[in-house]
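Note sheet for the following structure.
Proteins come first, then strands; the chains are lettered A, B, ... in the order of their sequence lines, and each starts at number 1.
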Amino acid sequence: MQTNICLFNTLTRKKETFVPLEAGKAKVYTCGPTVYDYAHIGNFRAFLFEDLLKRWLTYRGYKVTHIMNLTDIDDKTIKGSQKQGIPLRQFTDFYVKAFFEDIKALNILPADVYPKATDHIPEMIQIIKTLMAKGVAYKGEDGSIYFSVCKFPEYGKLSHLKVGELKAGARVSQDEYAKEEAQDFALWKAWTPEDGDVFWETELGKGRPGWHIECSAMSTKYLGETFDIHCGGVDNMFPHHENEIAQSEAATGKTFVHYWMHNEHLQVEGKKMSKRFGNFYTLRDLLAKGYDPIAIRYLLMSTHYRQQFNFTFEGLEAAKSAVERLRNFVRRLHEAEGTTATGKVATLTAKLEACFGGSMDDDLNIGIALSSLFDFVREMNALLDANLVSKAEAAEAGGLMMRLDEVLGVIGKVEVEEALPQDIDALVQKRETARKAKNWKEADEIRAQLKAMGIVLEDTAQGIRWHKEKA
RNA sequence: GCUGGGGUGGCCGAAUGGCUUAGGCGGUAGCCUGCAGAGCUGCUCUAUAUGGGUUCAAUUCCCAUCCCCAGCUCCA
């Protein structure tokens, strides 16, 4: 199999042709949520970018193995569970469940495995032991175990930060005094009274893992010591991913990851999303306002992942209309009854497939991919208007739309003429009778009545048409 | 302060040293329609932060200025 997918690699700051370790397979690890609260739309931008990447690799024929971790042990989850007075696991399970509900609503394909940090303590200890044996980790005065950054000369290769130039004291943590060097980071944190009953008694001492080690341990367990792609938000680039590289490569002596991909953050109404500005939204907040999750999916996905994106409610309305346009088009294809085949459809589908594919191959250039899709829709609509699309051609075009929707995930199953419930069907017939009798007033009233019930009627040259109104 | 990304029409967002400066949304006019919806077509008046420079030609390259965003030890 040969494909020509180019991905922007943070390591080299260049687009590179994707060459997997194993032909035809892509091993992908993506940093998942910290389950201490509902995820916000910024989190979902990252998960949607990763979903798009995965779907595109799949479209191009790769067998993708996708691992997404669930961080269920850190300061925030501990604090949250203590505040509610419930065990850590009970606390995090609640938000894990919420997370799965959210990604389902957004039509994000599930990962193959969602490993939890607390289920992988032994694997983490194994790596830390190896690092200690190699002399790159040490026990500090507080009993915590730290990674010695100066023992890993390549430290900073991902984020392009020079260790010596890091601003000291920007966020000084309590345990800093116990470290040999300020830039060293914790692999294992010794128990402190604030941790309460959250600790593990291990050969490293009583305590809990540092944040970064979980991703090294779990990615290695499920994908191997070296794998293809690792994704996350730009904020994870430093220190999280930099530290993962240090830990993993120091432990194994092998390259950890070939392609590092980072998505940019989003802003809301031109400002940084923050609780302080009152522009902080979880998916649930938006759903409660009545927005369609698929419109949210479309909106968050339709801007290139390395571009900062400005989330606005106006944009969300626009996204809803755009999705509706695609769905209307697919609906028309289902209903096409033309008999004349001009051969133009084949030309258009070939053009779309080539242009969409070429764009997506270019570091997921979704902007151009979508513009080619809408070009196709417009040109096909014109042919449909002129009744120049045969049934077979419509099926061909519809098939392509469905294949592309395997990537976009926004059209879904457009209902074909299924049977309406009897009472509704009776209303439709009644209106039709009134309409035929040119009794417009009654016909319009029934139409409005049906709309209130979620059934949209359209009168077309081919007869009456209906579809369910999407939220 | 250091490092990086960015400022494109009413809004969102592509692209490019000239060849038609995408696409979506919105507005508007026309066609179609009893009306509406969907769809098609036109228009939305020199859209590329500002000031210089290089060039036959810059929105695209260079310089300066202003503004926004991010990273600088646990926020996607």
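The side chain of A/D385 lies closest to B/G39, out of B/U73, B/G23, B/G39. Checking B/C40, B/A15, B/C69 against the side-chain heavy atoms of A/Q267 singles out B/C69 as nearest. Taking the side chain of A/F238 as heavy atoms from C-beta on, and the options B/A14, B/A76, B/G71, the nearest nucleotide is B/G71. Proximity note for A/R378 (side chain, C-beta onward) versus B/A76, B/G23, B/C72: the nearest is B/G23. Of the candidates B/C11, B/C25, B/G24, B/C11 carries the atom nearest the A/E314 side chain, counting heavy atoms from C-beta on. When the nucleotides B/C40, B/A22, B/C69 are ranked by their closest atom to the side chain of A/S371, B/A22 comes out on top.
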Under 3.5 Å, side-chain donor or acceptor atoms of residues 30-44 of chain A against the rest of the protein: list the pairs with distances, not counting sequence neighbours.
from  : atom 1 : to    : atom 2 : distance (Å)
A/T30 : OG1    : A/H66 : NE2    : 2.8
A/H40 : ND1    : A/G42 : N      : 3.0
A/H40 : ND1    : A/N43 : N      : 3.2
A/H40 : ND1    : A/N43 : OD1    : 3.3
A/H40 : NE2    : A/N43 : OD1    : 3.2
A/N43 : OD1    : A/H40 : N      : 2.7

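In this structure, A/G367 reaches the bases: a heavy-atom distance under 4.0 Å links it to at least one base atom across the strands shown. Counting any heavy atom pair closer than 4.0 Å across all strands shown, A/D75 reaches no nucleic acid atom. At a threshold of 4.0 angstrom between heavy atoms, the contacts of A/Q307 are confined to the sugar-phosphate backbone, with no base atom among them. Across all strands shown, A/H265 has heavy atoms under 4.0 Å from base atoms, whether or not it also approaches the sugar-phosphate. Looking at heavy-atom distances under 4.0 Å, A/K271 makes no contact with the nucleic acid at all. Nucleic acid contact class of A/F309 (heavy atoms, under 4.0 Å, all strands): sugar-phosphate only.
Going from the C1' atom of B/G10 to that of B/A47 covers 11 Å, rounded to whole Å. The separation of B/U3 from B/U46, taken at their P atoms, amounts to 42 Å, rounded to a whole angstrom. Comparing the same atom, C1', in B/U28 and in B/C19 gives a spacing of 31 Å after rounding to whole Å. A distance of about 13 Å separates the C1' atoms of B/U48 and B/G6, rounded to the whole Å. Spacing of P atoms, B/G51 relative to B/A58, comes out at 15 Å, to the nearest Å. A gap of 14 Å separates the C1' atoms of B/G24 and B/G9, to the nearest Å. Across B/G13 and B/U8, the matching P atoms stand 9 Å from one another, rounded to whole Å. On the C1' atoms, B/A22 is 31 Å away from B/U65, given to the nearest whole Å.
The nearest whole Å value for the distance from the CG atom in A/L266 to the C1' atom in B/G5 is 15 Å. The interatomic distance linking A/K351 (NZ) with B/A22 (C1') rounds to 12 Å, in whole Å. Distance CD (A/E445) to P (B/A36): 18 Å, rounded to an integer number of Å. Regarding A/H304, its NE2 atom lies at a distance of 19 Å from the P atom of B/C12, rounded to whole Å. Between the CG atom of A/D235 and the C1' atom of B/G71 there is a distance of 9 Å, given to the nearest Å. Taking atom CG of residue A/L161 and atom C1' of nucleotide B/C2, one finds them 10 Å apart after rounding to whole Å.
A heavy-atom distance below 4.0 Å to RNA chain B is reached by these residues of residues 37-46 of chain A, ordered by number: A/H40, A/G42, A/N43, A/A46.
Taking 3.5 Å as the limit, the base of B/C74 and the side chain of A/K189 contain a donor-acceptor pair of atoms between them. One donor-acceptor pair, N or O on each side, does fall under 3.5 Å between the base of B/C69 and the side chain of A/Q308.
Among residues two or more places apart in sequence or in another chain, the side-chain hydrogen bond (donor to acceptor under 3.5 Å, both in side chains) test is passed with A/S216 by A/Q247, A/S248. Shown here are the ring pair (Phe, Tyr, Trp, His ring centres under 6.0 Å) partners of A/F185, two or more places apart in sequence or in another chain: A/F147, A/H212. A search for side-chain hydrogen bond (donor to acceptor under 3.5 Å, both in side chains) contacts involving A/R306 returns A/D363, not counting sequence neighbours. Checked against side-chain contact (heavy atoms from CB on, under 4.5 Å), A/A190 has the following partners two or more places apart in sequence or in another chain: A/S144. Partners of A/F94 according to the ring pair (Phe, Tyr, Trp, His ring centres under 6.0 Å) rule, which considers only residues two or more places apart in sequence or in another chain, do not exist here. Listed by chain and residue number, A/Y222 satisfy the ring pair (Phe, Tyr, Trp, His ring centres under 6.0 Å) test with A/H120 (two or more places apart in sequence, or in another chain). Remark: A/E442 pairs with A/N439 by the side-chain hydrogen bond (donor to acceptor under 3.5 Å, both in side chains) rule, at least two apart or across chains. A/F374 is linked by a ring pair (Phe, Tyr, Trp, His ring centres under 6.0 Å) to nothing, counting only residues two or more places apart in sequence or in another chain.
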Original post:
Could you write out RNA chain B as a dot-bracket string, with dots for unpaired bases, | for bases paired across to another strand, and Watson-Crick or G-U pairs counted at under 3.5 Å?
Top reply: (((((((..(((.....[....)))((((((.......))))))....(((((..]....))))))))))))....
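A/D195 pairs with exactly one of A/I73, A/L88, A/I78 by the side-chain contact (heavy atoms from CB on, under 4.5 Å) rule, that one being A/I78.
Remark: side-chain polar atoms of A/E123 are not paired, donor with acceptor, to backbone N or O of A/A217 under 3.5 angstrom.
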**OP:** Mind running side chain to side chain donor-acceptor pair (under 3.5 Å) on A/E16 and A/T12 for me, showing each step along the way?
**Re:** CA-CA 9 Å; A/E16 296 174 10; A/T12 56; 2.4 Å; yes
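When each of A/S159 and A/F47 is assigned the nucleotide of RNA chain B bearing its nearest heavy atom, the one mapping closer to the 5' terminus is A/S159. For the pair A/A319 and A/H160, both in contact range of RNA chain B, the more 5′-proximal nearest nucleotide belongs to A/H160.
Phosphate proximity of B/U3 to A/R13: absent, as no side-chain N or O sits under 4.0 Å from OP1 or OP2. Phosphate contact (OP1/OP2 of B/G26, side-chain N/O of A/S321, threshold under 4.0 Å): present. Between A/N263 and B/A76 there is no side-chain N or O to OP1 or OP2 distance below 4.0 Å. The side chain of A/K76 contributes no N or O atom lying less than 4.0 Å from OP1 or OP2 of B/C74.
Ring centroids of A/F47 and A/F99 are separated by less than 6.0 Å, placing the two rings close together.
Taking the centre and axis of the six-membered ring of A/F313, the NZ or CZ atom of A/K289 falls inside the cone set by 45° and 6.0 Å.
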Please tabulate the protein-to-nucleotide N/O contacts below 3.5 Å involving nucleotides 28-35 of chain B, giving atom names and distances.
from  : atom 1 : to     : atom 2 : distance (Å)
B/G34 : O6     : A/R431 : NH2    : 3.4
B/G34 : N1     : A/D444 : OD1    : 3.1
B/G34 : N2     : A/D444 : OD2    : 2.8
B/C35 : O2     : A/R447 : NH2    : 2.6
B/C35 : N3     : A/R447 : NH1    : 2.9
B/C35 : N3     : A/R447 : NH2    : 3.4
B/C35 : N4     : A/D459 : OD2    : 2.8

